[in-house]
Amino acid sequence: MELGDKVVGFLLTLTSLSIFTYYTFWVIILPFVDSDHFVHKYFLPQEYAILIPVLAGVVLLSFLSVFVGLVMLKSKKKKKTT
């Protein structure tokens with residue numbers, strides 16, 4: 001099991017590093033590259049650089065709020081029965 005945990009950890013780290021590198025290049029370096037350069041075809045328009053993280057944050061906070069709400073409701077029901 002220990003080896004499996006290390007592999008999963010390595011894959012998660014590699015994925016996170018890849019996403020961070022892609023996003024950093026997209027947001028920081030790409031605006032300084034000529035718009036007719038071939039590298040622009042590998043990236044979405046700049047508007048999505050803000051839209052995607054904001055939507056991901058809203059979805060994450062929504063799921064977190066629903067989870068906390070459900071846990072609070074279940075613990076309230078549990079107190080009533082005891």
Please check if [X] and [Y] belong to a single hydrophobic cluster, counting links between Ile, Leu, Val, Met, Phe, Trp and Tyr side chain heavy atoms closer than 4.5 Å.
{"X": "Phe63", "Y": "Leu55", "value": "no"}
{"X": "Leu70", "Y": "Leu61", "value": "no"}
{"X": "Val54", "Y": "Ile19", "value": "no"}
{"X": "Val33", "Y": "Tyr42", "value": "yes"}
{"X": "Ile50", "Y": "Val27", "value": "no"}

Inset, instruction - Please name all residues satisfying side-chain contact (heavy atoms from CB on, under 4.5 Å) with Tyr22, sequence neighbours left out, ordered by chain then number. - result: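 Scan of Tyr22 (side-chain contact (heavy atoms from CB on, under 4.5 Å), adjacent residues dropped) gives Trp26, Phe43.
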Inset, instruction - Sequence neighbours left out, what passes side-chain contact (heavy atoms from CB on, under 4.5 Å) with Pro31? Give chain and number order. - result: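 Partners of Pro31 under the side-chain contact (heavy atoms from CB on, under 4.5 Å) test: Gln46.
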Legend entry - Between NE2 on residue His37 and CG on residue Leu30, distance to nearest 0.5 Å: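 Between His37 NE2 and Leu30 CG, I get 10.0 Å after rounding to 0.5 Å.
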Legend entry - Exam field: side chain Tyr23 to backbone Ala49, donor-acceptor pair closer than 3.5 Å: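 Answer holds: yes.
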Legend entry - Donor-acceptor under 3.5 Å (His40 side chain, Pro45 main chain):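 Absent.
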Legend entry - Any Ile29 side-chain heavy atom under 4.5 Å of Thr24 side chain: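 Side chain of Ile29 against side chain of Thr24, heavy atoms only: no contact under 4.5 Å found.
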Legend entry - Side-chain heavy atoms of Ile52 within contact of Leu44, under 4.5 Å: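 The answer is yes, as the side chains (C-beta and beyond) meet within the 4.5 Å cut-off.
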